[in-house]
Amino acid sequence: YLTGVCFGPFVLLTISALFSSLTASYLISVLFKAPETAAGVVMLLWILAVELSYVIGISLPLALPTEMFGTAQAVNAVCLFLVPPYTIIAGMNALFNIVSMGPPLESAADVFVWSFVSMDGRPFIGPAAALVIPTVAWGGIFAAFVFCQRIPVVGEGMAAPLPKVAVLSEDGQVVGAEDEAEDEAVLAERRMIEGPGTGRDDTVLAVHLRKEYRKEKKDKKKKRKNEKKDKLKKDSKEKRAKTIAVEDLSVGLTTGECFGLLGPNGAGKSSSLDMLCGIEPPTRGAVTVGGKSTIDQLPEVHKRTALCPQLGGLWDTITAREHIEIYAGIKCLPQQEVKSRATAVLAALDMLKHADKQVKELSGGNKRKLSVGIALLADSSVIFLDEPSCGVDPATRRSMWSAIGRSTAGRVIVLTTHSMEEADVLSSRIGIMCNGRLHALGSPQALKNQHGAQYTLEIKTENQTCGSAVASYVAD
């Protein structure tokens, strides 16, 4: 019965059963943190469901009167069609029944019927029910998840829905912003990126970036009296726990802009920078630099970018000048320009007197200046600076800021910092991050106006009497 007009229906029934089985197993797996646990439970669930179907099928004739038997059997079969393993069994059974006991079959259309009456007058469910019901049911459930933007992830549970896109009214105000936890400017930026025909030519574009890191942790087990079992406890299974470093970051950066990511330790600044420059792939989302993807076209991205990392990139036994010359060669600068370019970079950072010292002889501040100089060396269209002035004294910091400020023209500079002063001096736009999310976005002055432009004045006095006098004077 798998030849002739029945071969096509058999293939479709097989595909339908595979689709419903994979979709159902995928959706049920989100109830479990460990994929291996989900696999075992789903398999056990399917076995129990199939066994239950046979028990119900045997019990129905005994529990119901004859006139209700047909309807109850049909309802039972339809419900069991939602159990994928039963789908293939029932489908093959319906196909066998219609071939062996049904009317003559002349085409595949005669096979795809919802029900049929056998030659001896008994009603049977047709193959069409086994094909349509599970496919529509499980396909509809998955389509509902997609429509709600809550795609489950196997072994990780239900993903949070994407934030609503802000809608601007005719006067430029964000509609419904009162109900959103995000800042209006952040929502407007996301809308600008997602909307077609924005008219903005972004050199760096990040869309819905999310970064998750995995860490190992051991399961806690109950104490056991037996010492041998206590030894086995040390070999407990390790599970992976995820830490969300960056959540739904969307931002676009244009040429000539210096963008500062401001926030405390652990806010997600460095993780965001690593994704923007291609060091770390995003868990979700996409990044393009100069129209090139950091996932599929990373070598092309590297040609357009330069990076000043927090740590690394320097060799202890090589001088500062040799560092710049080596990196100039890596960046393919003309050989005749290497020495003059190295001297110019060292002079801009006030490091000529340290040019011929080995890196191990330089102070921490001078090492930071050298790392910044290497990043500013070539004509890269995008420069990433990860906390460039960290550990640098105020005078050195000012000279470094001047060098960075002079390099903004014709480029995009992205820097991370803890200092509002540094972000205020260098950045044309600032994004404030906390707990992996971008909470505020705008120019330094706009952020001051929106979130407060007060100043805190701290004065130390010799005693409380003088302190009271000073406080009274300031208050007046």
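- When every heavy atom of Gly268 is checked against every heavy atom of Ser272, the shortest pair comes out as O-OG, 2.7 Å.
- Using a cut-off of 4.0 Å between Lys/Arg side-chain N and Asp/Glu carboxylate O, Arg190 and Asp248 are scored as salt-bridged.
- Annotation: the span from Leu376 atom CG to Lys369 atom NZ amounts to 13.0 Å, rounded to 0.5 Å.
- In this structure, Asp202 and Leu253 have side chains that are not in contact, with every pair of non-hydrogen atoms separated by 4.5 Å or more.
- Closest approach of Ala440 to Leu447, counting heavy atoms only: CB-CD2, 4.0 Å.
- Considering every non-hydrogen atom in both Arg304 and Glu300, the closest pair reads NH1-O, 3.0 Å.
- Formation of a donor-acceptor pair under 3.5 Å by the Lys211 side chain with backbone atoms of Met275 is not found in this model.
- To the nearest 0.5 Å, atom CD of residue Glu257 and atom OG of residue Ser427 are 9.0 Å apart.
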What verdict does the side chain to side chain contact (heavy atoms under 4.5 Å, CB included) test give for Leu438 and Ile432, after you've listed the backbone C-alpha separation in whole Å, the side-chain angles of each residue and the deciding distance to 0.1 Å? CA-CA 6 Å; Leu438 191 63; Ile432 299 178; 5.8 Å; no
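- For the pair Thr417 and Leu261, the minimum side-chain heavy-atom distance is 4.5 Å or more.
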What verdict does the side chain to side chain contact (heavy atoms under 4.5 Å, CB included) test give for Phe259 and Leu441, after you've listed the backbone C-alpha separation in whole Å, the side-chain angles of each residue and the deciding distance to 0.1 Å? CA-CA 10 Å; Phe259 180 71; Leu441 181 66; 3.5 Å; yes
Intermediate values then yes/no, side chain to side chain contact (heavy atoms under 4.5 Å, CB included), Val186 and Arg437: CA-CA 10 Å; Val186 177; Arg437 297 192 70 93; over 6 Å; no
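- In this structure, Trp138 CH2 and Ser20 OG are separated by 8.5 Å, a value rounded to the nearest 0.5 Å.
- Relative to the ring axis of Tyr327, Lys331 does not place its NZ or CZ within 45° and under 6.0 Å from the centre.
- Here the closest non-hydrogen pair linking Ile318 and Ile326 is CD1-CD1, 4.1 Å.
- Separating the SG atom in Cys308 from the CD atom in Glu387 is a distance of 10.0 Å, to the nearest 0.5 Å.
- Taking the side chain as every heavy atom from C-beta outward, Thr294 and Pro281 never approach each other to under 4.5 Å.
- Applying the side-chain hydrogen bond (donor to acceptor under 3.5 Å, both in side chains) rule to Glu421 yields the partners Arg398; only residues at least two apart in sequence or on another chain are considered.
- Nearest approach of Val412 to Thr254, heavy atoms of both residues: CG2-O, 3.1 Å.
- Thr255 and Thr203 share a side-chain donor-acceptor pair at under 3.5 Å.
- When only modelled atom types and interatomic distance are considered, Asp386 and Thr416 share a side-chain donor-acceptor pair under 3.5 Å.
- The minimum heavy-atom distance linking Thr408 with Gly256 is given by the pair CG2-O, 3.4 Å.
- Salt-bridge formation is detected for the pair Asp424/Lys448: a Lys NZ or Arg NE/NH1/NH2 atom is positioned less than 4.0 Å from an Asp or Glu carboxylate oxygen.
- Side chain of His439 to backbone of Cys434: a donor-acceptor contact under 3.5 angstrom is found.
- Contact annotation: the side chain of Leu276 approaches that of Val204 to within less than 4.5 Å [non-hydrogen atoms, C-beta and beyond].
- At a cut-off of 3.5 Å, with distance as the only test, a side-chain donor of Thr135 or Ser16 sits close to an acceptor on the other residue.
- For the atom pair OG of Ser270 and CD of Glu280, the computed distance is 11.0 Å after rounding to the nearest 0.5 Å.
- If you take CG on Leu314 and CD1 on Ile374, they are separated by 5.5 Å, rounding to the nearest 0.5 Å.
- Annotation: side chain of Lys367 is in contact with side chain of Val359 (closest heavy-atom distance under 4.5 Å).
- Looking only at side-chain heavy atoms (C-beta outward), Cys390 and Gln310 stay at 4.5 Å or farther from each other.
- Salt bridge present: Arg210 and Glu212 bring a charged side-chain N and a carboxylate O closer than 4.0 Å.
- Between the side chain of Ser380 and the backbone N or O of Ile383 there is no donor-acceptor pair closer than 3.5 Å.
- The pair Glu189-Arg429 counts as a salt bridge, with a side-chain nitrogen and a carboxylate oxygen less than 4.0 angstrom apart.
- When atom types are taken as modelled, the side chain of His323 and the backbone of Trp315 share a donor-acceptor pair closer than 3.5 angstrom.
- Under the 4.5 Å side-chain criterion, counting only non-hydrogen atoms from C-beta, Pro388 is in contact with Glu422.
- In terms of modelled atom types and a separation under 3.5 Å, the side chain of Ser293 and the main chain of Ile295 share a donor-acceptor contact.
- Side-chain contact check for Pro309 versus Phe384: every heavy-atom pair is 4.5 Å or farther apart.
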Working for side chain to side chain contact (heavy atoms under 4.5 Å, CB included), residues Leu209 and Val287: CA-CA 8 Å; Leu209 287 189; Val287 180; 3.4 Å; yes
